[in-house]
Amino acid sequence: MTTQKKVIVTGFTPFGEDKINSSWEAVKELKRLGLGKSVDLHVQEIPVEYEAVHDLLPSLWKQHQPKLVVHVGMSWKATTVTLEQCGHNTGYERKDNCGFCPACHCCVEGGPDTIQSVLDMEAVCQRVRDSGLKVAVSVSKDAGRYLCDYSYYTSLHLGERRCAFVHVPPLDKPYSSKELGAALQVVVTEMLQLLTKVERTEKQPHNPSCQHHH
């Protein structure tokens, strides 16, 4: 019997004037659907607070030792399910739900400007489209320099880039929580399959360039 792969998927609490955050609604729906018997899925709601993210994410990685972490966040600009390729270290000047922003305006002092996911999001996007999913999917390289981007960079830094970030639109603009949850199920499944391929390739000798996708 094969051991289950541990996967963590997070969503955010409401922020600003919002009473609901579509990211957490979608993640709860994903939890109901599951990712199959081979995946041990852990979901977590994250506050829209820099200090909470700074404290919570290291403990999540350490406690669960996940194969993959996928953060999900809501974007008012999004009209598609958007796969983010990289996280950014600097430019965090917008205040969180507590009225706080990092003094250094960065995630990791002295860290690289950007960290790319080990996953090629264009490849994930194409595989999701090929699956016949009725929800539109796209790729972005700008996660927005707020808690979404901050969380992504932090996890990329902590988890040797075995992380992904997915932006979802607000509920019913145009997708319901059920549609977004079903989309996450397909997206995370494809990410896991691609990650397995990446790991196999990395184990092969004399092929050091394969892990860097842009």
Side-chain angles (χ1 to χ4, degrees), residues 7-36 39 41-49 53 68-88 91 94-97 116-117 119-153 155-156 163-195 213:
V7 175
I8 297 173
V9 182
T10 72
F12 284 98
T13 59
F15 60 98
E17 300 298 309
D18 298 321
K19 300 284 188 288
I20 199 165
N21 191 315
S22 60
S23 67
W24 181 236
E25 299 307 307
V27 171
K28 286 191 291 186
E29 182 62 29
L30 171 64
K31 179 65 174 173
R32 278 194 285 274
L33 294 168
L35 290 168
V39 177
L41 172 62
H42 176 82
V43 301
Q44 178 92 33
E45 188 177 26
I46 295 180
V48 182
E49 300 167 21
V53 167
L68 176 69
V69 170
V70 182
H71 297 303
V72 185
M74 184 181 84
S75 169
W76 282 102
K77 295 177 185 172
T79 54
T80 64
V81 169
T82 307
L83 314 180
E84 299 289 350
Q85 183 62 59
C86 57
H88 299 86
R94 190 175 156 202
K95 290 180 175 165
D96 65 16
N97 273 355
Q116 304 274 336
S117 172
L119 295 166
D120 179 350
M121 295 304 169
E122 292 287 357
V124 175
C125 187
Q126 193 54 55
R127 290 166 70 121
V128 172
R129 286 173 180 161
D130 291 347
S131 76
L133 184 72
K134 298 292 189 284
V135 172
V137 183
S138 64
V139 175
S140 159
K141 292 181 179 171
D142 182 4
R145 300 303 207 290
Y146 193 43
L147 267 297
C148 292
D149 213 341
Y150 187 86
S151 301
Y152 194 17
Y153 185 96
S155 269
L156 288 165
C163 183
F165 195 99
V166 181
H167 263 126
V168 293
L171 284 188
D172 303 318
K173 294 185 178 181
Y175 303 113
S176 68
S177 59
K178 282 190 163 50
E179 288 172 313
L180 291 174
L184 287 179
Q185 185 184 43
V186 176
V187 166
V188 178
T189 298
E190 293 297 350
M191 285 176 174
L192 278 171
Q193 289 181 357
L194 192 60
L195 184 59
H213 296 287

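Quick note: numbers below take in every heavy atom, side chains included, and nothing from hydrogens, waters or symmetry partners.
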Kindly indicate whether the side chain of Met191, heavy atoms from C-beta on, has any atom under 4.5 Å from the side chain of Leu83. yes
Step-by-step side-chain contact (heavy atoms from CB on, under 4.5 Å) determination, Arg94 to Arg145: CA-CA 8 Å; Arg94 190 175 156 202; Arg145 300 303 207 290; over 6 Å; no
Val72, Ile46, Val43, Thr13 screened by side-chain contact (heavy atoms from CB on, under 4.5 Å) with Trp24, the one that passes: Val43
SG-CZ distance between Cys163 and Phe165, expressed to the nearest 0.5 angstrom: 9.0 Å
Do the side chain of Gln126 and the main chain of Ala123 share a donor and acceptor less than 3.5 angstrom apart? no
Rounded to the nearest 0.5 Å, the SG atom of Cys86 sits from the CG atom of Asp142 at a distance of 8.0 Å
How far does CD of Glu84 sit from OG of Ser117, to the nearest 0.5 angstrom? 11.0 Å
What verdict does the side-chain contact (heavy atoms from CB on, under 4.5 Å) test give for Tyr146 and Val48, after you've listed the backbone C-alpha separation in whole Å, the side-chain angles of each residue and the deciding distance to 0.1 Å? CA-CA 9 Å; Tyr146 193 43; Val48 182; 3.9 Å; yes
Could you tell me if the side chain of Thr82 sits less than 4.5 Å from the side chain of Val139, heavy atoms only? no
Hydrogens and angles aside, do Ser151 and His71 bring a side-chain donor and acceptor to less than 3.5 Å of each other? no
With distance as the sole criterion, is a donor-acceptor pair present between the side chains of Asn21 and Glu25 under 3.5 Å? no
Is any side-chain heavy atom of Val166 closer than 4.5 Å to a side-chain heavy atom of Leu184? yes
Identify which one of Leu194, Val188, Val137 satisfies the side-chain contact (heavy atoms from CB on, under 4.5 Å) criterion when paired with Val124. Leu194
What's the spacing between Tyr175 OH and Thr80 OG1 if we round to 0.5 Å? 7.5 Å
Can a donor-acceptor pair be found, under 3.5 Å and without considering hydrogens, that links the side chain of Glu190 to the backbone of Cys125? no
Between Ser140 and His167, is there a side-chain donor-acceptor contact under 3.5 Å, judged purely by atom types and distance? no
Is Leu30 close to Leu180 at the side-chain level, that is, under 4.5 Å between some pair of heavy atoms? no
Please walk me through it: do Tyr152 and His88 pass side-chain contact (heavy atoms from CB on, under 4.5 Å)? CA-CA 8 Å; Tyr152 194 17; His88 299 86; over 6 Å; no
I want to check something: taking the side chain as every heavy atom from C-beta on, are Val7 and Leu192 in contact at a cut-off of under 4.5 Å? yes
Which distance, rounded to the nearest 0.5 Å, do you find between the CG of Leu68 and the CG of Leu195? 6.0 Å
Nearest 0.5 angstrom please: Lys28 NZ to Glu45 CD, how far? 7.0 Å
